[in-house]
Amino acid sequence: MSIPRLPTASVPDTAMFIGAVLLPTLAKGPIIRRPRVVGFAERFRLDDRAIRVVRRLSDKHPEGPLLLRLPVRHQAVILAPGHVDTVLDMSPEPFSPASDEKRAALAHFQPGNVLISKGPVRNIRRALQQQVLDTDHPIHQLAGAFLPVVRQEMDELLATAAKRGELAWEDFLPAWYRVVRRVVFGDSARNDEELTDMITQLRKSGNWAFLHPKQKKLRARFLTRINDELGRAEEGSLASVLAARAPQHEDAAPAEQVPQWLFAFDPAGMATFRALSVLATHPEARERARQELRDDDSGGSFLPYLRSCVLESLRLWPTTPLILRQTTRPVEWEDGLMPAGCGVLIFAPYFHRDERNISKAHQFAPERWLEDESGDSGGWPLIPFSDGPVVCPGKQLVLLLTSAALARLIGETDFHLRSHHRLDPSGRLPGTLDNYSLRFALEPAPGG
Ligand code: HEM
């Protein structure tokens, strides 16, 4: 008996999905955000609309996965929570993260990165990434070197902002990237903006995937610079761990693993700044975070509540809204067959904001992450860092550094949101929060 094909969306539903979900995500910039489009998306509530559209599709096709009606290729959308688990658990085989569009975009600056590698070579690169990023440990082996860096840079940021009477993204981002360069390459790279500007340029062409020619010379220069840094392997940096571990892994392409770090610390900065905006407007959460700092006996290396604040910021405003896969062989589902080479897409905001299945879906409720790594959601997918064997290997390192940055910022300083954003604790938080336009006034906290 032949197996039926999966349910397929109508032409109007496919067009609606493309118009409301795919185009705005692409326009915002999949590899590096375009601030103006993010501002536009916030103003016209495009993310709220995208969530409504996916919900309408899931009401029509609760069984899923749903194939879009596209002339060019097979593309499925995952709509059922159980199917999210299936796809993430069965990665990288048969659900490969190295999908065609991701390969086209990332090849601009990291063709040998684990994210777009396949087969045995992927396993080698993944193992190396996990060792260097200390994936399984909440407190990175180099936390003792990293935490003073975060504190120093945040103190400097606070001093500059206090002088100006305001903190804006334009101040935060350079300070955050000084942290990133010191963590990745060591103190001597602190002011090496040229190095991080190179990846910014390469990411801009990555936004256009196969529509943009490769900047081969720039990439070659960038790779040389990374290799130089790995050669120096400054003590107390991720580069030093990578340089020490790489020889154990043949074919690991160590220099090709580094751009992903520089790239992915960008969303970590966004999540921190957004968390700061919510802490500024949610006095109860802020007080709880300060209490955690007063009670802390981990030297700032394990701050579960502030880590939860970052996770909650990423639930509300996921920086990887689309998790993409491509089937390496035909896959059988209850409702039909998914062909080989089929794109598979999980739209995280649809799950993260479903008030029918999670409590306080549109509010800031960091406590949901305290007891349970999955956000205490009764099996409902909350997946800001993805999940399963391909889960972000940098998750714990991100939580370590971002919670430390927030601790320093809010510890003794009160922030008051000055930009137009409405982040009322009793109201519905918006689907898009434009980090680029957030602005704060600041003053010393009473008794701080
Ligand atoms: C807020 C910050 C970050 C978020 C939300 C995030 C989220 C993610 C997500 C959703 C994936 C894709 C997983 C999948 O396809 O299932 C991923 C992959 C990855 N992330 Fe992160 N990430 C962040 C920061 C970082 C940082 C700072 C690093 C390194 C220092 C990092 C290293 C990686 C690597 C190496 C992969 C590829 C994993 C693989 O293909 O096996 N990430 N991340």
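The figures that follow rest on heavy atoms only: side chains count, while hydrogens, waters and symmetry mates do not.
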| Do E42 and H420 pass the side chain to side chain donor-acceptor pair (under 3.5 Å) test, and can you show the C-alpha distance, the side-chain angles, and the key distance before you say yes or no? | CA-CA 11 Å; E42 180 186 79; H420 60 271; 2.8 Å; yes
| task | Carefully, step by step, assess R329 and E93 under the rule salt bridge (charged side-chain N to carboxylate O under 4.0 Å, His left out). | result | CA-CA 9 Å; R329 58 166 169 80; E93 291 282 339; 5.9 Å; no
| request: Go through H108 and W208 one step at a time and tell me if the ring pair (Phe, Tyr, Trp, His ring centres under 6.0 Å) criterion holds. | output: CA-CA 10 Å; H108 284 269; W208 294 97; over 10 Å; no
| message | Set out, in order, the CA-CA distance, both residues' side-chain angles and the distance that settles side-chain contact (heavy atoms from CB on, under 4.5 Å) for E334 and E63, then state yes or no. | response | CA-CA 9 Å; E334 299 88 330; E63 69 284 17; over 6 Å; no
| Verdict with reasoning, Q260 to Q110, per side chain to side chain donor-acceptor pair (under 3.5 Å) | CA-CA 7 Å; Q260 175 70 19; Q110 49 181 21; 2.7 Å; yes
| Chi angles and distances behind the salt bridge (charged side-chain N to carboxylate O under 4.0 Å, His left out) call for D13, R69 | CA-CA 9 Å; D13 281 351; R69 201 173 286 274; over 6 Å; no
| task | Kindly determine whether L316 and L433 satisfy side-chain contact (heavy atoms from CB on, under 4.5 Å), including the steps that lead there. | result | CA-CA 9 Å; L316 289 161; L433 179 58; over 6 Å; no
| message | Does V150 form a side-chain contact (heavy atoms from CB on, under 4.5 Å) with R408? I'd like the steps, not just the answer. | response | CA-CA 8 Å; V150 177; R408 206 60 172 188; 5.6 Å; no
| task | Could you go through the salt bridge (charged side-chain N to carboxylate O under 4.0 Å, His left out) check for K360 and E312 one step at a time? | result | CA-CA 11 Å; K360 300 186 180 172; E312 186 68 348; over 6 Å; no
| Please walk me through it: do Q363 and R428 pass side chain to side chain donor-acceptor pair (under 3.5 Å)? | CA-CA 6 Å; Q363 285 167 322; R428 181 190 169 105; over 6 Å; no
| task | Assess whether side-chain contact (heavy atoms from CB on, under 4.5 Å) is satisfied between L70 and I18, documenting all intermediate values. | result | CA-CA 10 Å; L70 296 175; I18 293 173; 3.6 Å; yes
| So D197 and K204, salt bridge (charged side-chain N to carboxylate O under 4.0 Å, His left out) or not? Walk me through it. | CA-CA 11 Å; D197 285 351; K204 282 183 182 166; over 6 Å; no
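Side-chain contact annotation: T196 with R181, donor-acceptor N/O pair under 3.5 Å present. If you check the side chains of Q291 and R294, you find a donor sitting under 3.5 Å from an acceptor. Remark: the S117 side chain and the R125 side chain contain an N/O donor-acceptor pair separated by less than 3.5 Å. Using modelled atom types and a 3.5 Å distance limit, the side chains of S437 and D434 yield a donor-acceptor pair. For the residue pair Q257/Q129, the side-chain donor-acceptor check at 3.5 Å is satisfied. Checked by atom type, the side-chain pair E355/H362 shows a donor-acceptor distance below 3.5 Å.
Atoms CG and CG, on L157 and L442 in that order, are 9.0 Å from each other to the nearest 0.5 Å. In this structure, the separation between CG on L279 and CZ on R288 is 12.0 Å, given to the nearest 0.5 Å. Here the CG-CD1 distance, from N207 to I31, works out to 6.5 Å after rounding to the nearest 0.5 Å. Atom-to-atom distance recorded for F364:CZ and R315:CZ is 9.5 Å, nearest 0.5 angstrom. Distance check: I346 CD1 to I323 CD1 gives 5.5 Å after rounding to the nearest 0.5 Å. Going from atom OG1 of T328 over to atom CD of Q326 covers 9.5 Å, rounded to the nearest 0.5 Å.
Between S386 and T320 the shortest side-chain heavy-atom distance does not fall below 4.5 Å. When side chains are defined from C-beta on, P318 counts as touching P349, because their heavy atoms get closer than 4.5 Å. In this structure the side chain of R126 reaches within 4.5 angstrom of the side chain of R122, judged on heavy atoms. Within the 4.5 Å cutoff, the side chain of F351 has no heavy atoms near those of the L382 side chain. Between I51 and F347, the closest side-chain pair of non-hydrogen atoms falls below 4.5 Å.
With F172 as the partner, the ring pair (Phe, Tyr, Trp, His ring centres under 6.0 Å) test is satisfied by one option alone out of Y177, F415, F273, F440: F273. Paired with I78 under the rule side-chain contact (heavy atoms from CB on, under 4.5 Å), one option of L345, V344, L66 passes, and it is V344.
In plain terms, the two heavy atoms of H352 and P381 that are nearest each other are CD2-O, 3.8 Å. Between A275 and C309, the closest heavy-atom pair is CB-O, 4.2 Å. What you find for A289 and I410 is that their closest heavy atoms are CB-CD1, 3.7 Å. The minimum heavy-atom distance between P393 and L133, with the atom names listed, is O-CB, 3.5 Å. Nearest approach of I139 to S301, heavy atoms of both residues: CD1-OG, 3.5 Å. Contact record, A41 with D47: CB-OD2, 4.4 Å, taken as the closest heavy-atom pair.
Under a cut-off of 6.0 angstrom, the local environment of CZ in R422 is sparse, with at most 12 non-hydrogen atoms contributed by other residues, nucleotides or ligands.
Listed for the H140 side chain is a donor-acceptor partner under 3.5 Å among the backbone atoms of L142. Judged by distance alone, the side chain of H282 and the main-chain N or O of V278 form a donor-acceptor pair under 3.5 Å. With hydrogens and angles ignored, the 3.5 Å screen pairs no side-chain donor or acceptor of R325 with any backbone N or O of S96. A donor-acceptor contact shorter than 3.5 Å is absent between the side chain of R190 and the backbone of R182. Using a distance-only test at 3.5 Å, with no hydrogens or angles considered, no donor-acceptor pair links the side chain of R418 to the main chain of L438. With Q75 contributing its side chain and G343 its backbone, the two residues share a donor-acceptor pair below 3.5 Å. Side-chain atoms of T327 come within 3.5 Å of backbone atoms of C342 as a donor-acceptor pair (strictly under, hydrogens ignored). At least one donor-acceptor pair under 3.5 Å links the side chain of R33 to the backbone N or O of T319. The backbone N or O of L400 sits less than 3.5 Å from a side-chain atom of S403, completing a donor-acceptor pair. Remark: side-chain polar atoms of W317 are paired, donor with acceptor, to backbone N or O of P430 under 3.5 angstrom.
Between R52 and D354, no side-chain nitrogen of the basic residue sits less than 4.0 Å from a carboxylate oxygen of the acidic one, so the salt-bridge criterion is not met. D171 has a carboxylate O that lies under 4.0 Å from a charged side-chain N of R164, or vice versa, which qualifies the two as a salt bridge. Taking 4.0 Å as the cut-off between side-chain N and carboxylate O, E101 and R73 count as a salt-bridged pair. A salt bridge links R203 to D266: one of the charged nitrogens lies within less than 4.0 Å of a carboxylate oxygen.
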